[in-house]
Amino acid sequence: MKFEQNWEQALLISELSDVVAELPRRDNIFAGKMIRQFDHLGKLSLAQERVVREILARAQVLHANHS
């Protein structure tokens, strides 16, 4: 895996960690699994990365609606 992609994934996981407590149950559970996966292996698959991005996008919408 390229260093740049790994760094980008680390930033995504950091963002996910910041919002995980505010996520709906289903996203919260999956986010926790993705955080553990990244901590264990240091990377996500492309499919996992795509889902993490989708969760973060939904979290931004939730945050915008509550502001």
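If you read the sequence from its start, that first residue is 1, and numbering goes on from there.
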Side-chain polar contacts of residues 24-38 - donor-acceptor pairs under 3.5 angstrom, sequence neighbours left out - could you list them?
{"residue": "D27", "atom": "OD1", "partner": "R58", "partner atom": "NH2", "Å": "2.7"}
{"residue": "D27", "atom": "OD2", "partner": "R58", "partner atom": "NE", "Å": "3.0"}
{"residue": "D27", "atom": "OD2", "partner": "R58", "partner atom": "NH2", "Å": "3.4"}
{"residue": "N28", "atom": "ND2", "partner": "V20", "partner atom": "O", "Å": "2.7"}
{"residue": "R36", "atom": "NH1", "partner": "G32", "partner atom": "O", "Å": "3.4"}

**Request:** Apply side chain to side chain donor-acceptor pair (under 3.5 Å) to R50 and list each qualifying residue two or more places apart in sequence or on a separate chain.
**Result:** none

**Request:** With rounding to the nearest 0.5 Å, note down the distance linking CG in L41 to CD in Q9.
**Result:** 10.5 Å

**Request:** Could you pull out all residues at least two apart from E22 that satisfy side-chain contact (heavy atoms from CB on, under 4.5 Å)?
**Result:** none

**Asked** How far does CD1 of I13 sit from CD of Q48, to the nearest 0.5 angstrom?
**Response** 9.0 Å

**Asked** Rounded to the nearest 0.5 Å, how far does CG of L11 lie from CG of N6?
**Response** 10.0 Å

